Amino acid sequence: MDKSMRISMTCLGGLTHTLSHSLTAICLLFFSFSAHSDVYWSQGSEAIRDGATFIYADGSAKLLWRRELGDWIDRNGTPYGNAAFSTTLVEDLDTTRPVSLDVTALIKYWIDKPGSYHGAYLKEESGDGAIVFDATEAGYPAAPFLAITTTDNEIKTFEVTRDTTLSATTHYSLGHQPQLQVGAHTPALIAFNERFLELDSAKISKASLYLTTTDKQYGTVQIGVYTVAPLPPASEVERGIAWHYPGDHGLADHPDVILAETFDKPRGFLTLNAGWQEHLSDVGHYDTYRLVDTDYRIDRFKPLDGSALQIAFNSKTNFGFTGHYRFRRLIGREPEQMYFRYYLRFGNNWQPTDGGKLPGFSGTYDRAGWGGRAIDGYNGWSARGAYFLQATPNSKYNGTIPLGNYVYHLDSQSNYGETISWNNTLSLLQKNRWYAVEQFLKLNDPGMANGELTVWIDGRKIFHKSDLRFRKTTELNIESLWLNFYHGGTAKPASAFFVYIDNLVIASRYIGPMRSSRVK
C-alpha cells in the first residue's frame, strides 16, 4: 500500500444515520493524502474574495467562468447541456437527514476520460426553492463524502476536499461557510480526494455522494449532477518574424520591425543608462531603474541575453518607470494597429500590496485615458497592461502573478477605465522566470465596436477581444507604446521589489518569441 496514504479503518456503527441500513455491517476505508489536484476552482478563504464566486472560478488568480454561475458539461459532453448524469428529488422536510445522490455514471466518466475530472456541479433541475446541506466545515459525521461500492462488494469512501456555493447575490466566495445550498441560481461545486481516479471503472457497481440536510429547508428541489467543465486547452506556439533571428540578433533590420531594444550596456561608457533611452519620450525622473547583467546576482536574477532593465518599486513613490515610444517620432505617423513584444521577469522579492500597470498602447494625447480622466471617443484612450496581486495560498496557483489589461474604452462603466483579466493559466506568471509577452491592438472603426486586443504568452495566444470601442473619430490613433510600470491605485508599495524587462520589439507584424535556449 502507498506509504503516502494515511489509512484508518472505521466501522459503520457511528454512521448509520448517514448510510443506508444495508451498509451498516461493512467497514469503510478512508483515504487521506496530499496530492496535486486537477480541480482548478478555489474554495477560497473566509476573510477575502479569493475563491470561487458566480463570476470567478478562482478570485485570487483572476480566472473567470466563461459563463456566470459556473461552467459545466452534461453526460453527453455538451457544455451547459441539460442531460444530467443523474437526478435526485430532495423534499422539503425541515429535518436533518442523509441524502444520497447517484454519481456512478459521473465517477466512471471521470475515470474513463483522463483530464475530465474537475469536480461535481450540482444544480437545480426543477423546484420551488433551495435545499441546504452541511458543508465540509461541519466535520464528521455530517460532512459530505463519496462512497464507492466495487463489484467485490467492498466500499471505499473518499473525503470531500473542497466545496462551495455560487450565488449571484454576493461577490464573496462562500467556500468556508458551514452550509452548502442548491437551488435556483445557486449551484454547488464539490471536489473529492482524487484517489478515486485510480480505481477501475469496470469494477465499480455504485458510487454515491452522501450529503446531510439541515433542519431548515426552503422548498423541494430536483437536483441534477454534472461535471465542472475543463479550462480551455492551451493553443499551439505561433512562430513570428523573431523566429528567424536567434536571440533577436539582426531582428532590427527586418522591414516590419519599427524598434528592437535589447537594453544592452553600452561599451566604453561609465553611465549605466546611456543609449536605450534614445527613442523614449517623457521619461519620468525617478531614480528607480538601471541596467543589470550577469554580474548582478541578488534577487535571483538571471539574464535573458546580456543586460536587462531593472525597475525598482519602493515605498516613496507609486512609479517604477514611465516613458513613451511615440510613433510620430519613430515612423512619422500614428498607426491604427500595431504589435509589441517584450520579455518580462518578476524578481524574487516581488511583493506589491496592490495591483498596478504594465506597458501597453495608448492614445491619451495628454487629455484623457488615465488617472480618472474619462474618455468620450474624441479626447483619448489607453490599453496598458496590468498586474494583479499574487494568488493566495488557497489557490492551486498560489504565488503566481495574474496579468491583464487596464483599458480606457467607451463601454467601461467607470471614469477610471476597466481592468480586464487575460483569464488564462498561462497568464499566471511565476517569479524568477522570463516570459515573452506580446500584444496586438487594432483601433475600432468610428461608429463600430470592432476594436481588437490580442495577447500571446511565450508564443501561445491566450486572450482575444474583438468588440472594443476606443474612439469615435479617426483623429485618435495609436499615439505611443506606453512603457508604464506603476503601483496602484493610490497606495504606495510597503517595501522595495524589482521587475525586469528585456528585448522589447515594436512591429507591424506578429513578432513571436525569440529562438534561444537561454530563456529560463
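If you're wondering where the values come from, they're calculated on a predicted model, not measured in any experiment.
- By the side-chain hydrogen bond (donor to acceptor under 3.5 Å, both in side chains) test, Glu479 pairs with Arg326, sequence neighbours left out.
- The line from CG of Leu481 to CG of Leu504 is 6.0 Å long, rounded to the nearest 0.5 Å.
- Tyr226 has its ring centre no less than 6.0 Å from the ring centre of Phe85.
- A donor atom on one side chain and an acceptor atom on the other are found under 3.5 Å apart for Ser167 and Thr169.
- Put simply, the side chain of Lys492 does not reach to within 4.5 Å of the side chain of Ser315, judged on heavy atoms.
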- request: Start with the C-alpha distance between Phe196 and Tyr117, add both sets of side-chain angles, then the distance that settles ring-ring contact (aromatic ring centres under 6.0 Å, His included), and finish with yes or no.
  value: CA-CA 11 Å; Phe196 77 88; Tyr117 169 61; 5.1 Å; yes
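- The ring of Tyr510 has its center no closer than 6.0 angstrom to the ring center of Phe440.
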task: Could you go through the side chain to side chain donor-acceptor pair (under 3.5 Å) check for Glu261 and Asn503 one step at a time?
output: CA-CA 6 Å; Glu261 177 58 69; Asn503 287 49; over 6 Å; no
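- Ring pair Tyr408/Tyr406 is perpendicular by interplanar angle, where above 60° counts as perpendicular and below 30° as parallel.
- The closest side-chain donor-acceptor pair between Asp50 and Asn394 falls under 3.5 angstrom.
- Within the 4.5 Å cutoff, side-chain heavy atoms of Gln390 are placed close to those of Lys431.
- Asp112 and Ser201 get closest at one heavy-atom pair: OD1-OG, 2.7 Å.
- The pair Lys265-Asp293 counts as a salt bridge, with a side-chain nitrogen and a carboxylate oxygen less than 4.0 angstrom apart.
- One finds the CH2 atom of Trp41 at 13.0 Å from the CG atom of Leu231 (value rounded to the nearest 0.5 Å).
- In this structure, Asp163 contributes its side chain and Leu189 its backbone to no donor-acceptor pair below 3.5 Å.
- A cation-pi arrangement is absent between Lys357 and Tyr387, since the terminal nitrogen or guanidinium carbon is not both under 6.0 Å from the aromatic centre and inside a 45° cone about the axis.
- Ring-plane geometry between Tyr339 and Trp456 is classed as tilted, the angle between the planes lying from 30 to 60 degrees on a 0 to 90 degree scale.
- Salt-bridge check for Arg433 with Asp458: passed, with a basic side-chain N closer than 4.0 Å to an acidic carboxylate O.
- Rounding to the nearest 0.5 Å places CG of Asp264 at 6.5 Å from CG of Asp305.
- Note on ring orientation: taking the six-membered ring where Trp is involved, the planes of His487 and Phe497 are tilted (angle from 30° to 60°).
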- request: Could you check Ile478 against Leu441 for side chain to side chain contact (heavy atoms under 4.5 Å, CB included), going step by step and ending with a plain yes or no?
  value: CA-CA 9 Å; Ile478 302 178; Leu441 186 136; 3.8 Å; yes
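- Taking the six-membered ring where the residue is Trp, the centroids of Tyr289 and Phe485 are separated by 6.0 Å or more.
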field: Check against side chain to side chain donor-acceptor pair (under 3.5 Å), Ser382 and Trp482
entry: CA-CA 9 Å; Ser382 65; Trp482 191 353; over 6 Å; no
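- Look at Asp445 and Arg469 and you find no salt bridge, because none of the NZ, NE, NH1 or NH2 atoms lies under 4.0 Å from a carboxylate O.
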task: Please test Thr53 against His171 for side chain to side chain donor-acceptor pair (under 3.5 Å), starting from the C-alpha separation and ending with a verdict.
output: CA-CA 6 Å; Thr53 67; His171 286 272; 5.8 Å; no
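- Between Glu452 and Lys465, none of the side-chain N atoms (NZ, or NE/NH1/NH2) sits under 4.0 Å from a carboxylate O, so this pair counts as no salt bridge.
- Proximity of the aromatic rings of Tyr435 and Tyr343 is defined here by a centroid distance below 6.0 angstrom, and this criterion is not met.
- Environment of OH in Tyr416: sparse, with no more than 12 heavy atoms of neighbouring residues, nucleotides or ligands closer than 6.0 Å.
- Without hydrogens or angle criteria, His176 side chain to Gly44 main chain gives a donor-acceptor distance under 3.5 Å.
- The only member of Phe361, Tyr365, Phe470 that meets ring-ring contact (aromatic ring centres under 6.0 Å, His included) when paired with Trp381 is Phe470.
- Asn423 places a side-chain N or O within 3.5 Å of a backbone atom of Leu64 that can act as its donor or acceptor partner.
- For the pair Arg67 and Tyr80, the cation-pi test (distance below 6.0 Å, angle within 45°) is passed.
- Defined by atom type and a distance below 3.5 Å, a donor-acceptor pair is present between the side-chain atoms of Ser362 and Ser480.
- A distance of 4.5 Å separates OG1 of Thr322 from CG of Asn484, quoted to the nearest 0.5 Å.
- Here the side chains of Asp74 and Asn82 are not in contact, with every heavy-atom distance at 4.5 Å or above.
- In this structure, the side chain of Asp38 does not engage the main chain of Ser116 through any donor-acceptor pair within 3.5 Å.
- Rounding to the nearest 0.5 angstrom, the gap separating the CD1 atom in Ile241 from the NE2 atom in His254 is 4.5 Å.
- With sequence neighbours excluded, no residue satisfies side-chain hydrogen bond (donor to acceptor under 3.5 Å, both in side chains) with Arg367.
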task: Show your reasoning for whether side chain to side chain contact (heavy atoms under 4.5 Å, CB included) applies to Phe263 and Ile501.
output: CA-CA 8 Å; Phe263 299 101; Ile501 64 171; 3.8 Å; yes
field: Tyr486 vs Phe319, ring-ring contact (aromatic ring centres under 6.0 Å, His included): CA-CA, chis, key distance, verdict
entry: CA-CA 5 Å; Tyr486 188 88; Phe319 286 93; 4.9 Å; yes
message: Before you tell me yes or no, could you show the steps for Asp248 and Arg341 under side chain to side chain contact (heavy atoms under 4.5 Å, CB included), namely the whole-Å CA-CA distance, both residues' side-chain angles and the distance that decides it to 0.1 Å?
response: CA-CA 12 Å; Asp248 282 357; Arg341 179 263 277 166; 2.9 Å; yes
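- Residues Asn432 and Phe346 form no side-chain contact, since every pair of their non-hydrogen atoms from C-beta on lies 4.5 Å or further apart.
- The side-chain tip of Arg384 does not point at the ring of Trp370 from less than 6.0 angstrom away and within 45° of straight on.
- Atom OH of residue Tyr342 and atom CD of residue Glu438 lie 12.0 Å apart, to the nearest 0.5 angstrom.
- For the side-chain hydrogen bond (donor to acceptor under 3.5 Å, both in side chains) test, residues two or more places apart in sequence or in another chain that qualify with Asn477 are Arg471.
- Under the 3.5 Å distance criterion, the side-chain polar atoms of Thr400 are left unmatched by any main-chain donor or acceptor of Gln430.
- By the 30° and 60° cut-offs, the orientation of the rings of Phe321 relative to Trp276 is tilted.
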message: Please evaluate residues Asp502 and Trp434 with respect to the criterion side chain to side chain donor-acceptor pair (under 3.5 Å), reporting the C-alpha separation (whole Å), side-chain torsions for both, the decisive distance (0.1 Å), and the verdict.
response: CA-CA 9 Å; Asp502 206 351; Trp434 286 106; over 6 Å; no
Derivation of the side chain to side chain contact (heavy atoms under 4.5 Å, CB included) call for Thr186 and Leu166: CA-CA 5 Å; Thr186 53; Leu166 306 182; over 6 Å; no
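- At least one donor-acceptor pair closer than 3.5 Å links the side chain of Arg75 to the backbone N or O of Ala84.
- Leu453 is listed as a side-chain neighbour of Leu468, based on a closest heavy-atom distance under 4.5 Å.
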